[in-house]
Structures are given as structure tokens and as C-alpha cells.
Student: 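Dropping a structure here in C-alpha cells format, bear with me for questions.
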Amino acid sequence: MPGRPEEPQACSVAPARRTTRVALLASAVPHHQRTPFDLCLFYAEPGPYKITLWDEQLLPVCIPALAETLADPADLATVNCISDVVWQDWRIWADSAMPDSPVIPTGSGFSLYAVAVQEALSGAGVLMGRQSLVQPHLNSGALVAPFDRPVPLGLSITAWMLPESRNDRAVTAVANGLRQIAGGIG
């Protein structure tokens, strides 16, 4: 019929190579009988069948102009402190970096960390950064760490493989590549 788009034709040839399925930063350790992924990345403590890629560090980050107004962590009481509402990162950082100070930074909270990062990039305040997630912005100079006080989160970005994927060369190659990339963070 004129003006009618042609229907797509189904491809009858399947690819000859296997696809490795990766879940990035899942919120919890996957259940090996229910996950459709060969390799999962998530925050966890080290353990069997887990490959530690990066020991996460917490550090406040903001745009350079805002950093110039912050001489000491106590100055955080005077600015908007941006956080992820699920994570307790400000409390963890303040307990370690400011143990004698009653200042618990408060401010805007977001349920998506990417939105919180964008707020910091727009100059809306100081974000409690997870170094692995803000490192590209630190490298570019878009964000800076106003205080030299990184604090270990106590969790690592960890790769976990399905039991049936642990001897798969493609999955192992992806895991090793991720380990190499993670070695360049910081």
C-alpha cells in the first residue's frame, strides 16, 4: 500500500559469539538463581567469589568558586550540603573527619545520585562525593575537594560472577578489564 511503512524483516541468523551480560552497581548482592547477569558490580565487603575493584572513599566536593569560601569543615554549616537520601555518607564522613564538631551538614537530598551530582555541578552546594562516582568531574576540574580529608566508606565496589560464569573466558576478561580501569581511579 502506498504510504504504509514496510514491516521489519526478522533476522534468521543468530550471532556466533556469546554476549556477556553485566549489571552495573546493583543495589544488593545478586541471588545466583535469579540474576540474568554474568557479572554484577555492587557495593559490598570483600568476600569469596567477589573481586574488589575499588575501596570507596568519601569526600565533600563542589565547584571551585564555592570551595574558595570554605576554609574548614566547620564552614559546611553555612552552605547547602547535597546528599543521596538513601546513603548515610555525610554522617559517616563527619563522624570520621569532624569527630569533635557538633556540625552535621544538612541540605538538599536526592534519591538519584546522578541528580545530586548535577546539583553540585550547577553550584547548588557541597556534595558528599563517592570518589569513584565523582572522579571524572575532579579530573576535569568541574568539581574540587575543598578539604583534604577523604574517609573510607567501609565498602568496596565489587564484581561478582555467577557460578556458571566463573570459568568463562569472556566474563573473566571483562572482570579483569574492569579491575584495570578501577586501578586508574584517584
Side-chain angles (χ1 to χ4, degrees), residues 11 13-61 81-97 105 108-121 126-140 142-145 148-186:
C11 180
V13 179
R17 64 178 183 251
R18 182 180 178 284
T19 301
T20 300
R21 302 156 300 173
V22 179
L24 297 177
L25 290 175
S27 59
V29 178
H31 188 280
H32 72 279
Q33 292 178 334
R34 292 192 299 260
T35 186
F37 303 102
D38 296 303
L39 181 68
C40 301
L41 302 183
F42 55 94
Y43 284 109
E45 294 177 358
Y49 304 112
K50 297 176 189 171
I51 301 168
T52 297
L53 301 176
W54 173 257
D55 293 324
E56 191 64 84
Q57 301 286 313
L58 300 174
L59 64 163
V61 297
C81 294
I82 305 166
S83 64
D84 181 290
V85 295
V86 176
W87 296 335
Q88 299 298 312
D89 294 353
W90 272 112
R91 183 190 52 77
I92 294 167
W93 182 84
D95 285 351
S96 179
S108 305
F110 298 91
S111 61
L112 291 174
Y113 192 73
V115 175
V117 171
Q118 288 304 310
E119 283 293 289
L121 287 165
V126 180
L127 170 69
M128 181 46 61
R130 289 193 175 196
Q131 187 174 4
S132 65
L133 302 177
V134 299
Q135 190 64 51
H137 302 295
L138 294 169
N139 291 347
S140 74
L143 295 176
V144 297
D148 187 24
R149 296 188 186 185
V151 169
L153 173 61
L155 296 174
S156 300
I157 295 179
T158 307
W160 177 87
M161 290 181 251
L162 282 174
E164 60 268 21
S165 300
R166 292 182 186 137
N167 294 320
D168 185 301
R169 289 186 322 181
V171 175
T172 303
V174 170
N176 288 334
L178 290 170
R179 185 181 293 161
Q180 270 190 314
I181 291 167
I185 298 174

Student: Is the shortest heavy-atom distance from the side chain of Ile157 to the side chain of Tyr43 under 4.5 Å?
Tutor: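 The answer is yes, as the side chains (C-beta and beyond) meet within the 4.5 Å cut-off.
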Student: Rounded at 0.5 Å granularity, tell me how far CD in Gln180 sits from CG in Leu53.
Tutor: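 Between Gln180 CD and Leu53 CG, I get 11.5 Å after rounding to 0.5 Å.
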Student: The criterion is side-chain contact (heavy atoms from CB on, under 4.5 Å); which residues satisfy it with Asp95, sequence neighbours excluded?
Tutor: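 Asp95 satisfies side-chain contact (heavy atoms from CB on, under 4.5 Å) with Arg91 only.
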Student: Which of these, Asp89, Leu59, Asp84, sits in a side-chain contact (heavy atoms from CB on, under 4.5 Å) with Arg130?
Tutor: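 For Arg130, the side-chain contact (heavy atoms from CB on, under 4.5 Å) test succeeds with only one of Asp89, Leu59, Asp84, which is Asp89.
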Student: What's the shortest heavy-atom distance between Ala97 and Arg149, and which atoms?
Tutor: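 Answer, listing the atom of Ala97 first, then Arg149: O-NH1, 3.0 Å.
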Student: Could you note down all residue pairs passing salt bridge (charged side-chain N to carboxylate O under 4.0 Å, His left out) where residues 51-60 supplies at least one of them, sequence neighbours left out?
Tutor: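 Applying salt bridge (charged side-chain N to carboxylate O under 4.0 Å, His left out) to every pair that reaches into residues 51-60, excluding sequence neighbours, yields nothing.
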Student: Nearest heavy-atom pair of Val171 and Ser165: which atoms, and what distance?
Tutor: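 Where Val171 meets Ser165 most closely, the heavy atoms are CB-O, 3.7 Å.
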Student: Show the nearest heavy-atom pair for residues Leu127 and Ala116, with the distance to one decimal.
Tutor: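 Heavy atoms of Leu127 and Ala116 come nearest at CD1-CB, 3.8 Å.
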Student: Residues in ring pair (Phe, Tyr, Trp, His ring centres under 6.0 Å) with Phe110, at least two apart?
Tutor: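 Checked Phe110 against ring pair (Phe, Tyr, Trp, His ring centres under 6.0 Å); zero matches.
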Student: Taking the six-membered ring for Trp, are Trp87 and Tyr113 parallel (under 30°), tilted (30 to 60°) or perpendicular (over 60°)?
Tutor: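 Taking Tyr113 first and then Trp87, their aromatic rings sit tilted (interplane angle of 30° to 60°).
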Student: Could you measure the distance from the CG atom of Leu138 to the CD atom of Gln135? Nearest 0.5 Å is fine.
Tutor: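 Answer for the CG-CD pair, Leu138 versus Gln135, is 5.0 Å.
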Student: Would you say Glu45 and Leu155 make side-chain contact, with heavy atoms under 4.5 Å?
Tutor: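 Of all side-chain heavy-atom pairs linking Leu155 with Glu45, at least one is under 4.5 Å.
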Student: Does Trp93 reach the main-chain N or O of Leu153 with its side chain, forming a donor-acceptor pair under 3.5 Å?
Tutor: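 The answer is no, because no donor-acceptor pair under 3.5 Å joins these two groups.
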Student: Could you check whether any side-chain heavy atom of Val117 comes within less than 4.5 Å of a side-chain heavy atom of Leu133, counting everything from C-beta outward?
Tutor: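 No, side chains not in contact.
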Student: Would you name the heavy atoms of Val126 and Pro60 that are closest together and state the gap between them?
Tutor: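 Where Val126 meets Pro60 most closely, the heavy atoms are CG1-CB, 3.7 Å.
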Student: Taking all non-hydrogen atoms of both residues into account, name the closest pair between Ala142 and Leu121 and its distance.
Tutor: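 Smallest interatomic distance, heavy atoms only, reads CB-CD2, 3.7 Å.
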Student: Mind listing the closest non-hydrogen atom pair of Ile92 and Pro152 along with its distance?
Tutor: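 What the structure gives for the nearest pair is CG2-O, 4.3 Å.
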Student: Under the side chain to side chain contact (heavy atoms under 4.5 Å, CB included) rule, what do Leu178 and Ile51 come out as? Steps first, then yes or no, please.
Tutor: CA-CA 10 Å; Leu178 290 170; Ile51 301 168; over 6 Å; no
